[in-house]
Amino acid sequence: MKWEFSNDAPIYAQLITQIKVGIVSGVFPPGERLPSVRDLATEAGVNPNTMQRALTELERDGLVYSQRTAGRFVTEDAAMIEAVKRSLAEGHIRAFLDAMGRLGYQREEILSLLRQEESKEETIHASLGM
Amino acid sequence: MLRKLLKHEFRATARIMGPLYLVLLITALGANLTTRGLLATRYRLLDLVGVLLVMAFFIAIVGVCVMSMVVMVRRFYQNLLRDEGYLMMTLPVSIHQQVWSKLIVSAVWFAATFLAVMLAFCVMALDVSIVEGFAQAARTILQEITAYYALNGAALMGELLLLAFFGCCAMCLHFYAALAVGHSFSNHKMAWSVLWYFVFSFASQFLFGALMLLMDELPLLNWVGGLVAGWSAMAQTHLLMVLMIAGCVVYGAVFYVVTVWFLKRHLDLE
Amino acid sequence: MPVLECKGLTKRYGSVQALSNVDLTVEPGRIVGLLGPNGSGKTTFIKLANGLLTPSAGTLTVCGVQPGKESRAAVSYLPERTAIPTWMSAQQLLDFYGDFYQDFRRDAAEEMLEHLGIQPRQRIKQMSKGTREKVQLIMVMSRAAKLYLLDEPIGGVDPATRDYILSTIIGNYDPEASVIISTHLISDVEKVLDEVIFIDRGQVVLQSSVDEIREEKGMSVDALFREVFRC
C-alpha cells in the first residue's frame, strides 16, 4: 500500500482516510487482522502515536475492532464498508465538482463532458478488441 | 567500569605498541649478527651492513621510547578531546575513571617499553661475551659504589626505578592537564594546550626554585639537616630519594586535579 | 516522571548567550523535533542534556537526575559527527557498546548490520561516510535507552539513507522512551514527530504537537517554520 501525505491536513486525519481506502479497496479485507501499529507506522513512515490515534478513531467508528490479545481486525459488516465507500466517493465527487465550478462549468456541461469521456474510453476499448 | 575502560584502552594502544616492539626485536636480532662478528670480516660490504644494523637498532630504541610518549599524549587528545570524545565522554563512567584508565595504560606501556628495550639489549648481545663483560663491569661498579658510599645498591636501584616510574606518570599528567586546559578554549585549542604546557613547566620550576630559596631562608632546612646529621650517608640518600618520589607524586596529583576539574566543568568539544 | 526537564536553562560562552532561560518538559513515549536554524542553540541544548557541557544557570534533569555518569546509562546519544573509533571493526564496536551499556541489544544491532550487508570483520575506516553514519545510528538505536538524543541525524546524507534512518527510528519506538531529534530539515521528519520545539537564538519560541499546528494553522510544520524564521 502506498502512503501519501499532503501538507494542509492533520496527519492522523490523512491516515484515517488512507486506511479507509485500504479497507474499501480490499488491501485490508473484511475480517482480516491489521498489521501492528508499529508495522503500519514504519510502513507509512509516520509517528507510532499518530498511527495509534488514527486507529483509535477508526475503532470508535466501528470500522475496525480490537481483540484483547489477537490485535486489530477489519469489520465484517459489509454494509458499513459500503457506506464508507460511498462517503469516500462523495468526497471525491464534491472535490471534483468544486474544481470544475472554479473552471466555470455548469452542471449540465460537466455531465456531457463526463459522457463524452465515457464514449472515448469505450472507443479505445473497442479498437483494442476488448 | 574502569576494568572495561582499561580493556578497550589496551586494545586501542596494543595495535600500535605491539608492532613497534616487534620491530625493536627484529632490529635487535640484526644487531646481534653484527656483534657476532660481521665487523671482524675482511669484507667492506659486511662492515657496512654491520654498522647499518647497529644503527637501525639504536634508531628503533629511540623510536620505541619516543612513540610510547607520543601514543600516550595522542590517545588522551584523540580519544577524549576530539571527535571520539563525543562517544567516550558520554559513556556511563566518571571522569576519574577516564583519566585513570589513560594514566594506567600509559604507565604500563612505559614499563613495558623499558622491559622491551632491556630485552632487546639482551637479544643483541645474546651468546656473546660482551654481555658477560658488561654484566661483570656493572656488578663491579655497583659493588665499588656500595663499598665506597656504604650504600645499599639494590635498594637504591629500586628507588631509582620507582622515581623514574612516578616521574613518567607525573609527566603524563602534566601533558593531560595542559591538553585539558587548552581544550577548554573555544578556538585554537592546540595552540592554547602548547602554551599551557609551558606555563605549567615554568610555574613548577618557579615554585621549585622558590621552595629551595625558602628552605634556605627558613630554619627548617637547618633543623632537618641537624636531625639527619647523625644518620649514615645511606640513610640520607634514601631520605632524599623518598623525598624526590614524594615530590613526583605531589607534582602529578596537582596536575590530576587540574585535568579532572577542566574535563568535568569546562569541557567544550568542537 | 518526565524523561527530560529543564528550568531556566542558560548557557553562555564568554559573552555569547547560546541558550537563555529555556523551560522544557519531555514526557515518555514522545518523539520530539528540536527545530531551528543553524546556530540557534540546538546542539548546545543536546550537549547540556548529556553532560558534555555544564549549564551557566538553571537546572536540567534527565530521568530525575542531573546529567552525569548515572544519567548517561539511560541516554543514547547520536552526535553530529562520526564519533565511533574508525580503527575498530564492526565486531569490536559491538563489543565496545556491549561492555559499556547494559541496555545494548546486541542481537538487534547484529541483525541491522547484516541487513545493511556489513561484515563483522569490516573496519569502520573502510566504510563510506553514509555507511559510517548508519552504523553509528544502529549502535545508538540498538540500546533500550530512556532518552535518545539525535543531533542532526539526517543532515548530509542521501535521501535513501534518510529514509533508512527515519524508519529505524520508528521501528525502534518504545512507549517508555523519548526521542529528541534536532534538525533543520523539517519536511523530512515532520511525519515522524509528535511534538515540535522551535528554537531561535537560544530561546524556545514554540512548543506544540504536529497535528495541532496542522489543525489550527492549516499548514505543515515546515510551512510554519518558514514563516516564523523568515529572513
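Only the backbone of Ala9(A) comes within contact range of chain C, with heavy atoms under 4.5 Å apart. Residue Val189(C): no heavy atom, backbone or side chain, is found under 4.5 Å from chain A. No part of Ala13(A) comes within reach of chain C, as not one of its non-hydrogen atoms sits under 4.5 angstrom from that chain. Interface residue Leu193(C): only backbone heavy atoms are found under 4.5 Å from chain A.
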No hydrogens needed, just list the donor-acceptor pairs between chain C and chain A under 3.5 Å.
from      : atom 1 : to       : atom 2 : distance (Å)
Gly29(C)  : O      : Asn49(A) : ND2    : 2.8
Gly171(C) : O      : Arg38(A) : NH1    : 2.4
Tyr173(C) : O      : Arg38(A) : NH1    : 3.3
Tyr173(C) : O      : Arg38(A) : NH2    : 2.9
Tyr173(C) : OH     : Asn49(A) : OD1    : 2.9
Tyr173(C) : OH     : Asn49(A) : ND2    : 3.3
Lys191(C) : O      : Asn47(A) : N      : 2.8
Val192(C) : O      : Asn47(A) : ND2    : 2.7
Asp194(C) : OD1    : Asn49(A) : ND2    : 3.0
Asp194(C) : OD2    : Asn47(A) : ND2    : 2.9
Asp194(C) : OD2    : Asn49(A) : ND2    : 3.0
Asp211(C) : OD1    : Ile11(A) : N      : 2.7
Asp211(C) : OD2    : Tyr12(A) : N      : 3.2
Arg214(C) : NH1    : Ser6(A)  : O      : 3.1
Arg214(C) : NH1    : Ala9(A)  : O      : 2.7
Glu215(C) : OE2    : Tyr12(A) : OH     : 3.2
Ser220(C) : N      : Asn7(A)  : O      : 3.1

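Shortest non-hydrogen contact noted between Ile170(C) and Pro48(A) is CG2-CG, 4.0 Å.
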